[in-house]
Amino acid sequence: MAQLIELTDLTGLCGIALALASLSSLALSTLAPSALTAARRLWAAGAIFVLLLLPLGELPPAAYVRGMTGDLSITSLLLLGLLLVRGTHAWPTDNPRRIAALLLLLVAACVLYPLALGALPYDSYRWGYAEPLFLGLLLALALAAALLRLPLVALAIALGVLAWAVGWYESENLWDYLLDPLLSIYALIACLLAILRQLRASVSR
Amino acid sequence: MKRPLLFGLILLAFVAGFYKAWQRPSPAPLQPQAFSSPAKGAATLRTRFVSNSPGPHRHAPSLVELKDGRLRAFWFSGSREGASDVEIRSAVFDKGQWHAETTVIDRSRTQIALSRYVKKLGNPVAARGADGNLHLYYVTVSLGGWAGSSVTTMTSSDDGETWGSPRRLVTSPFINISTLVKGTPIRYADGSIGLPVYHEFIAKFGELLRIDGAGQVVDKQRLSHGIAALQPVVLVRDRERALVLMRRGGGGANRVVASSTEDAGRHWAAPVYSTLSNPDAALSAVVLPGGVLLAVVNDIEADRDALTLVASTDGGANWRTIYTLEDQLAARKNPLDGPAYAAAVKALALATDAGLADANAFAASSVAHMCHGDRCNFEFSYPYLILTAKGDLKLVYTWNRSFIKHVEFSGEWLAQRLENHGPAH
């Protein structure tokens with residue numbers, strides 16, 4: 001008997017498909033920048049998105065990826081969605097605000113992953129189970145980010161908290177909406193590259 | 001993005017967020033197991049095999065008492081541990097015999113229901129919810145080995161005859177890997193389930209998940225740090241106190257690791273090595289109505305060729321052997337080759353159940369799974385012990401990776417054993 005897909009599986013799969021569609025269209029834009037107008041890029045991404053959700057054997061391709069990566073954080077989806085919509089023309093530059101946002105991500109990852117994986121007796125992942133102090137901290141961060149002209153940071157926190165509150169994914173833990181390992185790796189690499197560029201720039205002066 | 005819109009979104013998000021936080025369950029006391037007053041019966045000990053069909057590799061059994069007093073066992077079965085054909089299987093014990101085993105769930109149906117790739121299945125554990133439903137928790141792996149495991153759950157409202165669709169429990173931020181089940185679930189006073197789990201990616205430690213009536217994970221607690229430990233077994237002594245016994249996780253002493261709580265699990269003491277030996281193997285334990293702790297362990301420092309019933313009357317500080325379930329230690333001095341091993345296994349099988357139709361098949365199956373080259377090993381492992389509402393003990397364990405052995409002791413048998421093997425006065 002055919003079974004209706006769970007809503008949280010649909011959101012999880014769509015998130016993966018969106019991420020892969022965005023990355024694919026970015027790759028295509030980089031390889032053939034003149035051939036791919038903004039409209040064509042979006043159409044291509046749309047086609048890839050649909051293809052990733054069509055069954056291939058027992059599961060759609062996005063489901064195989066989902067088995068490896070889990071559901072992507074709302075922050076990841078926000079960044080990849082913006083990348084898809086704005087294209088490489090809005091490729092991030094090395095302004096201090098961007099680096100501050102990346103550092104915030106890195107600090108969060110350092111607070112979360114080592115403790116969750118058992119480096120210390122204390123488990124920071126527990127805060128994500130509706131710990132009011134954690135929510136308070138995030139509210140302060142979101143407001144500060146909004147005031148300090150870091151709208152993406154504020155938006156990512158707000159959307160993450162909202163998605164968690166409504167049960168968008170199967171996870172009951174707020175951390176899973178704010179952060180994921182792939183995003184943390186991206187933040188680390190992006191930070192290191194930005195620092196390298198700054199160093200090179202100051203050396204060449 | 002316009003600032004008023006952004007602030008509006010922040011407001012909306014955090015109103016929703018704090019509302020969710022306000023609804024989360026507060027810490028609850030533990031719920032010790034309830035018992036009816038047992039009728040004084042005969043002192044009996046019976047042994048059987050859960051299934052008689054030879055062939056598959058069978059491992060990691062668990063047991064649950066059904067509403068009408070029958071038993072249901074679960075285990076995983078396939079061509080070998082970790083193969084893609086491994087399924088979760090089950091059988092019911094009724095009127096003195098085990099009925100035909102059935103498949104509960106397999107890898108293919110799991111991955112379709114979860115909408116994600118699943119590579120293999122592992123340990124199944126069942127719990128009775130406050131709503132009377134049966135909840136099955138089983139290990140699923142999508143990436144890597146057992147360290148890459150996650151927990152998947154299914155619910156049955158008819159004591160395991162039929163099951164709802166599998167759902168994934170998200171319990172870890174790192175790709176949700178490395179949560180496994182083995183120990184018997186406990187209950188909190190508010191009806192939520194305490195599922196002992198363990199983590200074995202990089203660090204090895206035990207945790208206790210708190211799962212609410214809707215099947216959602218609402219909290220989790222670290223049970224150990226500093227000593228590598230796996231497969232926690234939580235023994236609820238009263239509403240505030242519990243002991244946890246854990247398999248040693250490699251390195252350190254060959255001993256069971258123990259910790260305790262005095263505040264219903266809000267805090268756990270630093271883990272210590274207990275006096276019980278442990279050869280890096282699973283154990284199981286229960287609390288008897290009078291507070292005596294009973295455990296089934298491989299009380300040896302290496303391998304799993306002996307299995308013992310031990311008891312503690314002082315909260316786990318000291319343990320005494322009260323019955324030897326299996327003992328093939330003599331074979332270590334004179335290792336058995338294939339034919340000798342087959343003969344020994346056949347004798348053990350008939351000693352378990354003299355009415356076995358085909359003890360040769362038992363021997364052949366054990367040879368297939370436990371002989372490598374000229375060397376054959378015995379394995380009696382992964383015990384799962386429960387106390388029924390009437391005070392009888394039911395035990396299942398892996399028997400040479402080929403069959404699941406079932407042992408039942410009446411309350412009267414146990415009382416006599418504890419009396420005869422009790423601590424010196």
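Numbers restart at 1 for each chain; the letters A, B, ... are given by sequence-line order, proteins then strands.
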request  = Report the C-alpha distance between A/Ile157 and B/Phe14 in whole Å, list the side-chain angles of each, state the deciding distance to 0.1 Å, and finish with yes or no for side chain to side chain contact (heavy atoms under 4.5 Å, CB included).
outcome  = CA-CA 10 Å; A/Ile157 294 174; B/Phe14 281 89; 3.9 Å; yes
key: B/Gln216 vs A/Glu170, side chain to side chain contact (heavy atoms under 4.5 Å, CB included): CA-CA, chis, key distance, verdict   = CA-CA 9 Å; B/Gln216 304 282 13; A/Glu170 62 193 0; over 6 Å; no
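In this structure, chain B has no heavy atom under 4.5 Å from any part of A/Tyr169. Proximity to chain B (any heavy atom under 4.5 Å) is shown, for A/Trp175, by neither the backbone nor the side chain. Interface residue B/Leu114: only backbone heavy atoms are found under 4.5 Å from chain A. At a 4.5 Å heavy-atom cutoff, A/Leu178 makes no contact with chain B through either its backbone or its side chain. Looking at A/Thr8, the atoms closer than 4.5 Å to chain B (heavy atoms on both sides) all sit in the side chain, from C-beta outward. When heavy atoms are compared at a cutoff of 4.5 Å, B/Arg24 approaches chain A solely by way of its side chain, counted from C-beta outward. When heavy atoms are compared at a cutoff of 4.5 Å, B/Tyr19 does not approach chain A at all. Heavy atoms of A/Ile16 lying under 4.5 Å from chain B are absent altogether. If you measure heavy-atom distances from B/Thr140 to chain A, you find no contacts under 4.5 Å at all.
Nearest heavy atoms, B/Phe7 versus A/Leu147: CZ-CD2, 3.9 Å. When every heavy atom of A/Pro132 is checked against every heavy atom of B/Phe18, the shortest pair comes out as O-CE2, 3.8 Å. Minimum interatomic distance between B/Val170 and A/Tyr129 (heavy atoms only, all atoms of both residues): O-OH, 3.8 Å. Between A/Gly67 and B/Ser142, the closest heavy-atom pair is O-CB, 3.1 Å. Of all the heavy atoms in B/Thr171 and A/Tyr125, the pair that sits closest is O-CE2, 3.4 Å. In plain terms, the two heavy atoms of A/Val161 and B/Gly17 that are nearest each other are CG1-CA, 4.1 Å.
At least one side-chain heavy atom of A/Asp176 sits under 4.5 Å from a side-chain heavy atom of B/Pro173. Side-chain contact between A/Asp9 and B/Arg167 is present, with at least one heavy-atom pair separated by less than 4.5 Å. When side chains are defined from C-beta on, A/Leu139 counts as touching B/Ile10, because their heavy atoms get closer than 4.5 Å. A/Glu172 is listed as a side-chain neighbour of B/Lys20, based on a closest heavy-atom distance under 4.5 Å. At a threshold of 4.5 Å between non-hydrogen side-chain atoms, the residues A/Leu59 and B/Gln111 count as touching.
No other option in A/Leu120, A/Leu13, A/Leu112 has as many heavy-atom pairs under 4.5 Å with chain B as A/Leu120. Heavy-atom pairs under 4.5 Å with chain B were tallied for A/Ala62, A/Pro55, A/Gly118, A/Gly70; the largest tally goes to A/Gly118. For the set A/Pro121, A/Ala158, A/Ala116, A/Pro60, the entry with the most heavy-atom pairs within less than 4.5 Å of chain B is A/Pro121. Taking B/Leu143, B/Ile177, B/Ile175 one by one and counting their heavy-atom pairs under 4.5 Å with chain A, the maximum is reached by B/Ile175.
Around CH2 of A/Trp168, the count of heavy atoms belonging to other residues, nucleotides or ligands within 6.0 Å does not exceed 12. The environment of CZ in B/Arg266 is crowded: more than 12 heavy-atom neighbours from other residues, nucleotides or ligands sit within 6.0 Å.
At a heavy-atom separation below 4.5 angstrom, chain A is approached by B/Val218, B/Asp219, B/Lys220, B/Gln221, B/Arg222, B/His225 within residues 218-227 of chain B. Within residues 193-214 of chain B, the residues approaching chain A closer than 4.5 Å by heavy atoms are, in numerical order, B/His199, B/Phe201, B/Ala203, B/Phe205, B/Glu207.
Interatomic distance, OG of B/Ser172 versus CG of A/Leu117, reported as 6.0 Å (0.5 Å rounding). Remark: B/Asn176 CG to A/Asn173 CG distance equals 10.0 Å, nearest 0.5 Å. In this structure, B/Trp22 CH2 and A/Leu135 CG are separated by 15.0 Å, a value rounded to the nearest 0.5 Å.
Using a cutoff of 4.0 Å between basic side-chain nitrogens and carboxylate oxygens, A/Asp71 and B/Arg116 are not scored as salt-bridged.
Side chains of B/Ser115 and A/Glu6: a donor-acceptor N/O pair is absent below 3.5 angstrom, by distance only.
Using a distance-only test at 3.5 Å, with no hydrogens or angles considered, no donor-acceptor pair links the side chain of A/Arg66 to the main chain of B/Tyr117.
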